[in-house]
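Convention: sequence-line order gives letters A, B, ...; per-chain numbering from 1. The structure displayed is predicted, hence computed values, not measured ones.
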2 protein chains.
Amino acid sequence: MKDKKRSRVTLQQVAEHAGVSRATASLIVRGSSKISEKTRKKVLESMRELGYVYDRVAANLRSQRSSTVGLIITDIANPFFSELLIGVHQELEKEGYTVLLGTTFDSDAKQDRLLSTMLEHRVGGVILCPVSDSSKETIDRIKQWDIPIIHAVRELSEVNCDYVGIDYKIGAQMAVGHLIRKGHRRIAFLGGSSESSAWQERKRGYCTALKQAGLDIDESLFIENAVTREGGKASLQQALRHSNPPTAAFCFNDLVAFGVMQGIKDMGLTPGKDMAVVGFDDVQEASISTPSLTTVSSFARLIGQHAADLLHQRIVNINRERQRIILQPELVVRGSS
Amino acid sequence: MKDKKRSRVTLQQVAEHAGVSRATASLIVRGSSKISEKTRKKVLESMRELGYVYDRVAANLRSQRSSTVGLIITDIANPFFSELLIGVHQELEKEGYTVLLGTTFDSDAKQDRLLSTMLEHRVGGVILCPVSDSSKETIDRIKQWDIPIIHAVRELSEVNCDYVGIDYKIGAQMAVGHLIRKGHRRIAFLGGSSESSAWQERKRGYCTALKQAGLDIDESLFIENAVTREGGKASLQQALRHSNPPTAAFCFNDLVAFGVMQGIKDMGLTPGKDMAVVGFDDVQEASISTPSLTTVSSFARLIGQHAADLLHQRIVNINRERQRIILQPELVVRGSS
DNA sequence: CTGAAAGCGCTTACAG
DNA sequence: CTGAAAGCGCTTACAG
């Protein structure tokens, strides 16, 4: 038996209780300064007595505004995204937004559904970390999208949007350059999907580093796989079946690197000794793993803050110039290389 | 210059375009079966042509329903909560809910604000992981709360709510019992706040284990601190200043344990050798840290799934009997003890 | 299936 | 400051 819920106290009822008009009560909840302190107090008192709760949904509907914002990430289990999420929340809460969160797990279909859901909920804008192989349909949809959207972490090259990410190319170049200086000549690039801009840019950095050292590029050392621990482990196993196996691994990110290190250990070998491993992101566990992980810091929280800030700016002024923020990565050398 | 946005296509416009009544169009978006296949197709075609987007906010306002649900956690940077979040999302998306996420960082004021925000956004219900020292005001508020609320992870004993958590007492008892069997007699309990039910239950388990072994309890070995790596490190340092220092540490959770292990390393000692460390939660990094961490598995994802399920049930039937789900923990022995 | 009306809880705009 | 009216985009209920 579904009970009819005790219905909400309305602004109307508050106004009646306080003996003012609905318009006045409305001005007060919105913090207008045009109301005398005396009436303001009286009305606020009535609200407290009646247990009034402002109905932001109704207000937004009427005024065609929005107080929510969507955040779509690919994997909440990746600490990189937890950090990014914290950054986004920090910034947006300041501005009074509430965040609708969605996770795609890198599925295009899921991403599509989430974009729809966000629209249906009238979000004021969306921060999107696109899945690596976004379909043409999705991209077309985003192009026609008429509410503010900011891309973060990965960029869809066909779409002209605000974007914030880091310079993956330079990061990869630093990581691979480091391995070369350590004497490695056969360096695998493990994990990730070649569909994503983040992968392509890392590859460019990888290639630049090899060219600068006068080394040839062996494409058979690029082994794509899921961006997870499991994917890392699997890609390592594949790398070791190579007729001329690599002596070092540059991993798509730290999560992949942890899987790779686990795989190395599983074979009775020692990461950092029998095989060098470098990650990407510098998540917190990178410093506490065994061995500690050499990696490239990608400032997830900062990316989140910037994305939130760009979104807010875009909501305030839909026509402002397009902005791209590219943060500079840093190499953190530890025990695994 | 704020541009007036291109306004939404309304159901009215769709109806006109398809040559049907608004009522019919409304029935179709809601998936009624009372409409002939022919008209249904025609209307869906019009929607596609016009780029119609269902306005769930308006629909919810009119029908006094809600398609959102609030989730309030204490710390998204803790992998335990990331896992819980995944569980919640998995369950609730099946039912078509969208999740509003809030993080309290264990601040009562923040929690209070988040509860208000959720109410103002007309959520259909809330899953709350209460902060450890929720104020009396907050508790009173929750008691009078008239929308479904599920408590997870921590329980406010004064509030009669659905709850899902694990049996912390048994978990702690297993962990401490393990340390005793390893020969430890002075075991510190590090991190967490004695205000929280999760802490109190762990303490009870700790005490039971000692009593069973015929050992005395030394309250000076209970060292409270923040539930973070930093808090863990600080509590370890305090423990080592003890005139009769402990030889083992039972940590409030894995995060604290990582900090404790870091602290041990910083002193030039080796965790697992010079001092045994046991955590709680079994987050993913527990298996890859150095040394790998002995810990108690607390099934975060499962907790999230159960909480979501309880909430859904409660929304469907506000009067159903109160339910408490207590999962049984498991001890995972690794290198740190 | 249609059509006209009312209403969810708010904001807006305007005359007083 | 008030009061009356209209409207945001839907759903509901009802007579036909």
Side-chain angles (χ1 to χ4, degrees), chain A residues 2 4-44 46-47 50-68 119-124 147, chain B residues 2 4-44 46-47 50-68 119-124 147:
Chain A
K2 260 199 212 178
K4 191 78 188 167
K5 250 193 217 145
R6 194 172 85 208
S7 56
R8 286 175 98 100
V9 176
T10 71
L11 206 48
Q12 175 75 288
Q13 291 165 25
V14 170
E16 279 165 16
H17 185 273
V20 302
S21 73
R22 194 159 37 143
T24 307
S26 178
L27 283 169
I28 289 171
V29 284
R30 284 175 291 149
S32 164
S33 56
K34 299 189 176 178
I35 306 286
S36 75
E37 193 52 33
K38 204 178 121 216
T39 20
R40 221 177 64 83
K41 269 198 174 157
K42 193 172 58 184
V43 173
L44 289 178
S46 292
M47 289 182 177
L50 299 178
Y52 173 71
V53 174
Y54 184 54
D55 192 326
R56 217 164 273 283
V57 167
N60 286 337
L61 176 61
R62 177 59 181 94
S63 61
Q64 298 289 74
R65 294 206 187 82
S66 174
S67 57
T68 57
L119 267 186
E120 293 181 359
H121 279 97
R122 290 184 153 272
V123 293
I147 69 168
Chain B
K2 260 201 214 181
K4 191 77 189 168
K5 250 193 222 149
R6 195 173 83 208
S7 56
R8 285 175 99 99
V9 176
T10 71
L11 205 49
Q12 174 76 288
Q13 291 165 25
V14 170
E16 278 164 18
H17 185 273
V20 302
S21 73
R22 194 159 39 143
T24 307
S26 177
L27 282 169
I28 290 171
V29 285
R30 284 176 291 150
S32 163
S33 56
K34 299 189 175 176
I35 306 286
S36 75
E37 192 53 31
K38 205 179 118 216
T39 23
R40 221 176 65 83
K41 269 199 176 156
K42 193 171 59 181
V43 172
L44 290 178
S46 293
M47 289 183 178
L50 299 179
Y52 174 71
V53 174
Y54 184 55
D55 192 325
R56 215 165 275 283
V57 167
N60 286 336
L61 177 60
R62 177 57 180 94
S63 61
Q64 297 289 72
R65 294 205 187 82
S66 175
S67 57
T68 56
L119 267 186
E120 293 181 359
H121 279 98
R122 289 184 154 273
V123 293
I147 69 169

Can you sort out the partners of [X] under side-chain contact (heavy atoms from CB on, under 4.5 Å), two or more places apart, ordered by chain and number?
X	answer
A:Ala15	A:Val20, A:Ala25
B:Ser66	B:Thr68
B:Arg22	B:Gln12

Rounded to the nearest angstrom, tell me the gap between atom [atom1] in [X] and atom [atom2] in [N].
X	N	atom1	atom2	answer
A:Glu16	D:dG3	CD	C1'	13 Å
B:Leu61	C:dA6	CG	C1'	14 Å
B:Lys42	C:dT2	NZ	P	7 Å
B:Glu120	C:dG9	CD	P	15 Å

Checklist entry - Side chains of B:Met47 and B:Val9: closer than 4.5 Å at any heavy-atom pair? => result no

Item to check | A:Val14 vs A:Val43 side-chain heavy atoms within contact, under 4.5 Å | outcome: yes

Next on the checklist: Does a side-chain N or O of A:Gln64 approach OP1 or OP2 of D:dG7 to a distance below 4.0 Å, or not?
Outcome noted: no

Checklist entry - What closest approach, in Å, do A:Val29 and A:Tyr54 show between heavy atoms, and which atom pair accounts for it? => result CG2-CE1, 3.9 Å

Item to check | Pair assignment for DNA chain C - dot-bracket with | for other-strand partners, Watson-Crick or G-U under 3.5 Å | outcome: |||.||||||||.|||

Item to check | A:Glu120: partners by salt bridge (Lys or Arg N to Asp or Glu O under 4.0 Å), with sequence neighbours left out | outcome: B:Arg56

Item to check | 5'-most by nearest nucleotide on DNA chain C - B:Arg122 or B:Thr39 | outcome: B:Thr39

Checklist entry - What does B:Val57 touch in the nucleic acid at a heavy-atom separation under 4.0 angstrom: a base, only the sugar-phosphate, or nothing? => result nothing

Checklist entry - Between B:Arg122 and B:Gln64, does a side-chain hydrogen bond (donor to acceptor under 3.5 Å, both in side chains) hold up when you go through it step by step? => result CA-CA 9 Å; B:Arg122 289 184 154 273; B:Gln64 297 289 72; 3.2 Å; yes

Item to check | Sequence-aligned protein contact record of nucleotides 10-16 of chain C, with B where the base is within under 4.0 Å of a protein heavy atom and S where only the sugar-phosphate is | outcome: BBB----

